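Note sheet for the following structure.
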Protein chains: 2
Amino acid sequence: MKDEKKRGRPRGFDAKAALGKARDVFWDKGFSAASLDNLSAATNLNRPSLYGAFGDKEALYLDALEGYRQDGMGVLTEALDPSLPLRDNIARVYAGALAIYLHGETAARGCFLIGTATAEAIQHERVREVLGRSLTDFDGEIEKRMRLAVERGELPDSADPQMLARLASAVMHSLAVRARAGDSRETLEAIARSGVELICGRS
Amino acid sequence: MKDEKKRGRPRGFDAKAALGKARDVFWDKGFSAASLDNLSAATNLNRPSLYGAFGDKEALYLDALEGYRQDGMGVLTEALDPSLPLRDNIARVYAGALAIYLHGETAARGCFLIGTATAEAIQHERVREVLGRSLTDFDGEIEKRMRLAVERGELPDSADPQMLARLASAVMHSLAVRARAGDSRETLEAIARSGVELICGRS
DNA sequence: AGAATTTAATGCGAAACGGTATAAAATATG
DNA sequence: CATATTTTATACCGTTTCGCATTAAATTCT
């Protein structure tokens, strides 16, 4: 469904890979501090090619954000596999987050969204919109699992699924910030463990 | 102890007030997107005066961060008044945070540190250092109160004061991010209430 | 009063910025 | 093969950036 040969010179690069490289630059520097020269160098694309494929700098950034958001949702739904106990689900959510935030083992970059989009959110309405949607969608996915947990008796009937979900997200937001502030993997994992305990009950 | 008249032309502005105006600019735009022209206009200082009083842009930003950090610690210790019950203390911490994050009632700016310093933390080591220190100091102050709570029997002996403190901070970090993402005051206050419930026990 | 010293104002200057005009290269179509 | 169309490469344009050089103003010290 995409083999209709477009006429004209074919593009000589993989747009998805280039977007990933651009995302890495934004991830390290933030939107404002990342220059088109940086992005051009990282993607091996000259500026007109970048512009042609993605539009201007803001559009490229929004594309990168949206891709990250979708990847994150994928990791989340995978972690929330309802055949596992709730406690395992939440632990997996945090483990998945830390795998992204710690980036390999070495330098911690934290969360791309929380680490860079928050800074631009006041001035750039579209960035704020993506950020807000990401947070609420994340909350919502966890909330669904919390509702299921109440139905199944993993949580007491008195539990408030929406609020528990938001607090479960809150722990992750904190991991995102702390990772970028340079906290050690050990510290972050300890917080994650304690978070699971607190959210899912001490039973 | 500061009436020793310096010789030479006296400075014609209040450095502290100027720093506050500069902080507001950084708060809205972030470090990288804030230009010296913006800062100059907001403070009513021409660039050489800014430079003379605070040094370059990064030094000015670090000054603003440090001032915010200290203000925040002041609000925190006030909220943690040990003559009040733990539950009230934590509720006051969140209320104090939201008062800052929501800025009046209208446009939400979130937390200056979490909203802007996280973005620069990877590239600017000194910013990362201030951010990290701010987070750990905050945790530490709450941890002291948690220890006291265990001694007093407000929390069970089995409670882990360090981890409870970090999770209490986590809720605040989430408020900081969500405020900047545009969440309503009602939502944020509801999260704060639920956070108090979760941290301080459902009793 | 005059010298010394500090701050304030104007404005410059080199570099970096985002974005694009222009032309060459590569492919499909007729 | 010629033409149309799309991508790539080079180079450039106007603007904005940060920082400072220079000069004027205001105050203290001698």
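First the proteins, then the strands, lettered A, B, ... as listed; each starts at 1. Just so you know, these numbers come straight off a predicted model, no measurement behind them.
Between the side chain of B:R9 and the base of C:dA8, no donor-acceptor pair of N or O atoms lies under 3.5 Å. Taking only distance into account, the side chain of B:R7 never meets the base of C:dA4 through a donor-acceptor pair shorter than 3.5 Å.
Checked for salt-bridge contact, B:R69 and B:D137 meet the test: a charged N lies under 4.0 Å from a carboxylate O. Between B:D24 and B:R109 there is a salt bridge, since a side-chain N of the basic residue sits under 4.0 Å from a carboxylate O of the acidic one. At a threshold of 4.0 Å, the pair B:E141-B:K144 counts as salt-bridged, since one of the basic side-chain nitrogens sits closer than that to a carboxylate oxygen.
A:R145 has its side chain out of reach of A:I90: every pair of non-hydrogen atoms, C-beta onward, lies at least 4.5 Å apart.
One interatomic measurement links the two molecules: CG of A:N44 to C1' of D:dA9, which rounds to 14 Å at whole-angstrom precision. In this structure, CG of A:D37 is placed 17 Å from P of D:dT17, rounded to the nearest angstrom. Atom CG of B:D56 is separated from atom C1' of D:dC18 by 9 Å (rounded to the nearest Å). Atoms CZ (B:F54) and P (C:dA8) sit 11 Å apart, rounded to a whole Å. Rounded to whole Å, atom P of C:dT6 lies 19 Å from atom CG of B:L45. Computed from coordinates, the A:L50 CG to C:dT20 C1' distance equals 14 Å when rounded to whole Å. Following rounding to the nearest Å, B:L36 (CG) and D:dT17 (P) show an atom-to-atom distance of 9 Å. Atom-to-atom, CZ of B:R11 to P of D:dT28 comes out at 16 Å; the value is rounded to the nearest Å.
If you check every strand for non-hydrogen atoms under 4.0 Å, A:P10 touches sugar and phosphate atoms only. Using a 4.0 Å heavy-atom distance criterion, A:A34 is classed as a sugar-phosphate-only contact.
Side-chain nitrogen and oxygen atoms of B:S35 include none within less than 4.0 Å of the OP1 or OP2 phosphate oxygen of D:dT16. Proximity of B:N46 to the phosphate of C:dA9: a side-chain N or O atom is located under 4.0 Å from OP1 or OP2. Distances shorter than 4.0 Å separate none of the side-chain N or O atoms of B:Y51 from OP1 or OP2 on D:dC18. The side chain of B:S49 contributes no N or O atom lying less than 4.0 Å from OP1 or OP2 of C:dT7.
Both A:G52 and B:F31 sit near DNA chain D, but only A:G52 has its closest nucleotide nearer the 5' end.
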Donor-acceptor pairs under 3.5 angstrom involving side-chain atoms of residues 28-35 of chain B: please list them, not counting sequence neighbours.
from	atom 1	to	atom 2	distance (Å)
B:K29	NZ	B:N38	OD1	3.4
B:S32	OG	B:E120	OE1	3.3
B:S32	OG	B:E120	OE2	3.0
B:S35	OG	B:D37	N	3.4
B:S35	OG	B:N38	N	3.0
B:S35	OG	B:N38	OD1	3.0

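Here the side chain of A:R47 is nearest to one of D:dC18, C:dA25, C:dG19, namely C:dG19.
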